[in-house]
Every structure is written in structure tokens, then in C-alpha cells.
Amino acid sequence: MRLSNKVAIVTGAGAGIGEAIAVRFAEEGAAVVLADLNAAGAQSVADRITELGGRAVAIAADISDEAQARAISELAVTEFGGIDIVVNNAADFTTFGVEDATPEQWRRVLGVNVIGTALVSKHAIPHLKKRGSGAIVNIASMSGIIAQPNFATYNSSKGAVLTMTRCMALDLALFKIRVNSVCPGCIYTTATEREWTRMGETKEQWSARQAPLHMLNRVGEAREVANAVLFLASDESSFVTAAELMVDGGYVAK
Ligand SMILES: NC(=O)c1ccc[n+]([C@@H]2O[C@H](COP(=O)([O-])OP(=O)(O)OC[C@H]3O[C@@H](n4cnc5c(N)ncnc54)[C@H](O)[C@@H]3O)[C@@H](O)[C@H]2O)c1
């Protein structure tokens, strides 16, 4: 087991990629704190992990609120005695071009994706320092690198996550805390389901448009992202920090 005796926080763990990460970590022996706006979603994933013999606890939290972000770390310490790993996965999917986005929409997407990632990390870092080592994995996106039509709000937030990751890695290296980001391509989740519904498409129609944009000519699965996050969270990546791991089927390089 690659995460034996480790305690991990996963935000946005009530669905999609966060759910897959929480389950994958539990399979590898980690005790997992699942945080999500959607309390029922997080609780049902935690229940599934527990039924399979793992250790998990759920908490309802909006990561853009500092008190709620702090409560995630407090729960990890109360329930499991410390924190070794933080996965900042929760995200807001407000997508507008600059001409259309309102200040409130900008505040929401940056408030969750950038400030929320910072706040969850801020309150976990003192506990990682106490352990003498740790790993933070920020889920960014290929959207943080490329331009996409009418996605300026979301893509800007993911670009900021990539830069924040490098800055955090520099500040925390002294404490043997590694900080890396993962950039998924198109992955089947509840978020992409909302996207094809918004476009008035079926899953098949949406997939037929998206698949050829990836060198591997398909859309990815959440577990494929979870496996990459597991690598960055585990000691197998002990000399990797400030990296951007593409899990995009070759989308950006194409
Ligand atoms: N699905 C993709 O194609 C794709 C591609 C690139 C990057 N990503 C990134 O992967 C991550 C997960 O995306 P997903 O597709 O699984 O999304 P999803 O919408 O399926 O799941 C996201 C979860 O985060 C939760 N959440 C949203 N805002 C929150 C908040 N303020 N506080 C706490 N929880 C909150 C939601 O309730 C939901 O359960 C995100 O960071 C996203 O930007 C996804």
C-alpha cells in the first residue's frame, strides 16, 4: 500500500475526479477527509470507502470561505491526528469571455479556484510542517495553459493555480513539503455531463467532438487522473516538486 498511515484531505470529493482520488487513496491505505459543498455527495463516497474497509470522514464546506476551509483541517486533526497530503480539487466552472463576465462571476470563480485552494492549503500547512514532510497536489487543467473560446474566467483561474503551485513549492521546499499540479484534459465527470447538456448535445456527440482533440483520440476517465495524483502524493515522487503533470491524452502538445 502506497499511502499507509497517511492522512489526506481531498476537496470536491463528492463527485467526479475528487471522488476517484478519495477512493484511490483509501485503496492505498490513506485515511481520507472528503470535503465538498455537496454534503450528501461527500457523505455517500465516505460511506462507500468505509463499507470497503477504508477510513473516511465527510465534511460540508465551501472552500472559498476561510472558516469552512479551516474546519477541513481541524476535522482531519481531530479524526485522524494530523495531515500528510492535501489535494485541492474542488472548482467552480463559471465560463465566460471578458466581454460578458460580471465582477460577481469573476469573484466566484477566482474565489473558489484560486483563493479557496490557497485557504485550504493555508490551514493545512502548519500540520504538514509538524509531520516534517508532506505533499500538496493542486488540480489545475490544460485550460490553465491553452486558450478556449469564452472560457476566460475559468482558464485565468487555472493559470493562477499553476503559478501559485510553483510559488508554494518554493516556499515549502525547506519543510520537505512538495507541491505539484495536475492538468487533466477532457475527463468524464458530472462537470462534463453538465457541459454537454448545456451545449444541447448527447454524451456521444460531445465525445465525438472532444476525442480527436486528444492525441489518444478519446476522453479520459476520472481514475486515470486519480492515478497521477496518487503518484504525486506518494513517496514515489520524492524528487518531484513545482511540476505540472499533464494527464490530457496529449491535448496540449497536439
Ligand atoms: N472534468 C474535466 O474534464 C476536467 C478537466 C480539467 C480539469 N478539471 C478539474 O478537475 C477538478 C474536478 O473537476 P470535476 O470534473 O470532477 O468536477 P465535478 O463538478 O464533477 O466535481 C467537482 C466537485 O467539487 C465540488 N465543489 C464545487 N465548488 C466547491 C466549493 N466552493 N467548495 C467545496 N466543494 C466544491 C462540487 O460540489 C463537486 O462535487 C476541478 O478542479 C476541475 O477544474 C476537470
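Just so you know, ligand 1 is whichever comes first in the structure, and atom 1 is the first atom listed for that ligand. All values below were derived from every heavy atom in this structure, side-chain atoms included, with hydrogens, water molecules and symmetry-related copies excluded.
Sorted by first and then second residue, the ring-ring contact (aromatic ring centres under 6.0 Å, His included) pairs involving residues 54-106 (not counting sequence neighbours) are F93-Y154. For residues 98-112, the set of pairs meeting the salt bridge (charged side-chain N to carboxylate O under 4.0 Å, His left out) definition, not counting sequence neighbours, comprises D62-R108, D92-R108, E104-R107.
Residues R2 and E236 are paired through a salt bridge, judged by an N-O separation under 4.0 Å between the basic side chain and the carboxylate. A salt bridge links R209 to E201: one of the charged nitrogens lies within less than 4.0 Å of a carboxylate oxygen.
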Side-chain donor-acceptor contacts of residues 16-26 below 3.5 Å, not counting sequence neighbours, with atom names and distances?
residue, atom, partner, partner atom, Å
E19, OE2, R48, NH1, 2.9
E19, OE2, R48, NH2, 3.3
R24, NE, N227, OD1, 2.7
R24, NH1, E27, OE1, 2.9
R24, NH1, E28, OE2, 3.2
R24, NH2, E28, OE2, 3.3

| said: Could you walk me through whether I72 and I63 satisfy the side chain to side chain contact (heavy atoms under 4.5 Å, CB included) test, starting with their C-alpha distance in whole Å, then the side-chain angles of each, then the deciding distance to 0.1 Å, before giving a yes or no? | reply: CA-CA 9 Å; I72 301 169; I63 60 162; 4.1 Å; yes
Anything under 3.5 Å between an N or O on ligand 1 and a protein N or O? List each pair with its distance, or write none.
residue, atom, partner, partner atom, Å
ligand 1, 1 (N), I187, O, 3.2
ligand 1, 1 (N), T189, OG1, 3.3
ligand 1, 3 (O), G185, O, 3.4
ligand 1, 3 (O), I187, N, 2.9
ligand 1, 3 (O), I187, O, 3.4
ligand 1, 15 (O), T189, OG1, 2.6
ligand 1, 16 (O), I17, N, 2.8
ligand 1, 19 (O), R194, NH2, 3.0
ligand 1, 20 (O), T190, N, 3.4
ligand 1, 20 (O), T190, OG1, 2.3
ligand 1, 20 (O), A191, N, 3.3
ligand 1, 31 (N), D62, OD1, 3.0
ligand 1, 32 (N), A61, O, 3.3
ligand 1, 32 (N), I63, N, 3.1
ligand 1, 34 (N), L37, N, 3.2
ligand 1, 37 (O), D36, OD1, 2.6
ligand 1, 39 (O), D36, OD1, 3.2
ligand 1, 39 (O), D36, OD2, 2.6
ligand 1, 41 (O), N89, O, 2.7
ligand 1, 41 (O), K158, NZ, 2.9
ligand 1, 43 (O), Y154, OH, 2.5
ligand 1, 43 (O), K158, NZ, 2.9

